[in-house]
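Below is one structure; the comments refer to it alone.
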Amino acid sequence: MRTESPPGGTLVDANVLLDLFTRDPAWMSWSKGALAEALDAGPVIINPIVYAEISVRFERIEELEDALPEQIEREALPWEAAFLAGKCFRDYRRRHGGRRSPLPDFYIGAHAVITGRVLLTRDPRRYRSVLPSLTLVSP
C-alpha cells in the first residue's frame with residue numbers, strides 16, 4: 001500500500017466498496033484498510049459506472065447515499081477516458097475473443113489514467129493487461 005497522496009487522488013473500483021457493503025469475509029479487512037489509507041492520502045473519487053455497479057446492492061438511492069462515505073467524491077467520465085476505454089476493449093476482444101464484456105472496467109481504468117489517478121482495486125489482472133501505465137493499489 002502507498003503512503004503518499006497521488007497527484008490526482010484515488011479512483012475506487014466497485015469491488016472495494018462492495019466488499020464493505022456486503023461485509024465480504026475474505027476481502028472486507030483489506031478493502032477497509034486500503035480505502036482508509038486512500039482517504040487519509042487525498043481525494044477519493046467514484047464515477048457513474050462505479051456508482052451503477054454498487055447500486056445493485058441497494059433498493060433505493062437514499063440507501064446507497066447513506067452507505068457511501070461522505071468523503072468520496074463523484075466525478076463524471078471524461079470523453080478522453082471513453083475513447084481510451086474503447087481502444088482497450090477492442091484490443092481485449094482481439095486477444096480474448098467473446099469473453100464477458102469488460103467494457104465497464106476499461107472505462108474505470110481509463111478514467112484513472114486520463115485524470116492521473118491511482119486505481120484502488122482488488123482485481124488488478126485485467127487492468128494490467130490493457131493499461132500498463134495505470135498505477136494500481138491492489139493486494
Side-chain angles (χ1 to χ4, degrees):
M1 292 213 224
R2 75 185 142 67
T3 56
E4 63 184 50
S5 177
T10 302
L11 187 67
V12 180
D13 199 357
N15 54 40
V16 172
L17 295 168
L18 287 170
D19 290 344
L20 304 178
F21 299 152
T22 64
R23 305 183 73 73
D24 185 281
W27 289 105
M28 183 175 168
S29 179
W30 183 87
S31 292
K32 185 176 181 179
L35 181 60
E37 189 172 319
L39 287 166
D40 286 344
V44 174
I45 293 97
I46 60 170
N47 64 32
I49 292 175
V50 171
Y51 194 92
E53 288 180 336
I54 62 177
S55 75
V56 300
R57 299 295 304 169
F58 300 90
E59 291 300 316
R60 298 177 43 240
I61 194 169
E62 295 83 3
E63 294 169 4
L64 172 54
E65 288 296 324
D66 287 343
L68 277 170
E70 313 182 341
Q71 307 96 314
I72 295 181
E73 301 171 22
R74 279 92 163 152
E75 183 174 276
L77 285 163
W79 289 103
E80 296 87 352
F83 185 83
L84 179 57
K87 299 305 167 221
C88 292
F89 182 64
R90 179 199 61 202
D91 294 347
Y92 178 85
R93 291 293 303 260
R94 285 180 180 164
R95 286 194 311 253
H96 301 287
R99 294 186 182 180
R100 178 187 77 83
S101 175
L103 191 53
D105 290 342
F106 296 151
Y107 268 115
I108 293 164
H111 185 179
V113 168
I114 293 298
T115 57
R117 295 196 174 102
V118 167
L119 178 64
L120 173 59
T121 183
R122 67 168 168 76
D123 187 20
R125 187 173 40 103
R126 184 176 295 133
Y127 293 112
R128 283 190 182 123
S129 73
V130 296
L131 293 164
S133 66
L134 177 60
T135 302
L136 297 170
V137 174
S138 61

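Nothing fancy with the numbering, it's 1 onward along the sequence.
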Discussion item. Rounded at 0.5 Å granularity, tell me how far CG in Leu120 sits from CD1 in Ile46.
Written reply: 12.5 Å
Worksheet item: CG/Leu20 to CZ/Arg57 distance, rounded to the nearest 0.5 angstrom?
Response: 12.0 Å
Worksheet item: Any cation-pi pair here, Lys87 with Phe89, using under 6.0 Å and within 45°?
Response: no
Worksheet, complete the sentence: Taking every heavy atom of Cys88 against every heavy atom of Leu131, the minimum-distance pair comes out as SG-CD2, 3.4 Å
Worksheet entry | ILVMFWY network linking Trp79 to Ile45, side-chain heavy atoms under 4.5 angstrom | no
Discussion item. Between the side chains of Asp19 and Arg122, is the shortest nitrogen-to-carboxylate-oxygen separation below 4.0 Å, so that they form an ion pair?
Written reply: yes
Practice prompt. Apply the side chain to side chain contact (heavy atoms under 4.5 Å, CB included) test between Val12 and each candidate in Ile108, Leu35, Val137; give the one that qualifies.
Written response: Leu35
Item to complete: Would you list the pairs meeting salt bridge (charged side-chain N to carboxylate O under 4.0 Å, His left out) in which at least one residue belongs to residues 69-79, sequence neighbours left out?
Response: Glu65-Arg74, Glu75-Arg117
Worksheet, complete the sentence: Sorted by chain and number, sequence neighbours left out, side-chain hydrogen bond (donor to acceptor under 3.5 Å, both in side chains) with Glu63 holds for none
Worksheet item: What heavy-atom pair brings Ala76 and Pro48 nearest, and what distance separates the two atoms?
Response: CA-CD, 4.2 Å
Worksheet entry | Asp24-Ser31 side chain donor-acceptor pair, cut-off 3.5 Å | no
Response to the item:
The reported gap from OH in Tyr51 to CG in Leu68 (rounded to nearest 0.5 angstrom) is 6.5 Å
Discussion item. Is it the case that the ring center of Phe58 lies less than 6.0 angstrom away from the ring center of Phe21?
Written reply: yes
Item to complete: Check the hydrophobic clustering (I, L, V, M, F, W, Y; side-chain heavy atoms under 4.5 Å; chains of links allowed) and say if Val56 and Tyr107 are grouped together.
Response: no
Worksheet item: Between atom CG of Leu134 and atom CG of Leu119, what is the distance when rounded to the nearest 0.5 Å?
Response: 5.5 Å
Worksheet item: Of the non-hydrogen atoms in Val113 and Ser133, which two are nearest, and what is the gap between them?
Response: CG1-OG, 4.0 Å
Worksheet item: So, for Ala85 and Ala110, which heavy atoms are closest and what is the spacing to 0.1 Å?
Response: N-CB, 3.8 Å
Practice prompt. Determine, stepwise, if the pair Leu136 / Val118 fulfils side chain to side chain contact (heavy atoms under 4.5 Å, CB included).
Written response: CA-CA 6 Å; Leu136 297 170; Val118 167; over 6 Å; no
Worksheet entry | Pairwise distance CG(Asp105) to CD1(Ile49) - rounded to 0.5 angstrom | 9.0 Å
Worksheet item: How far does CG of Asp13 sit from CG of Leu18, to the nearest 0.5 angstrom?
Response: 9.0 Å
Practice prompt. Start with the C-alpha gap between Ser138 and Arg128, add the side-chain angles, then the distance that decides, and say whether side chain to side chain contact (heavy atoms under 4.5 Å, CB included) holds.
Written response: CA-CA 11 Å; Ser138 61; Arg128 283 190 182 123; 3.4 Å; yes
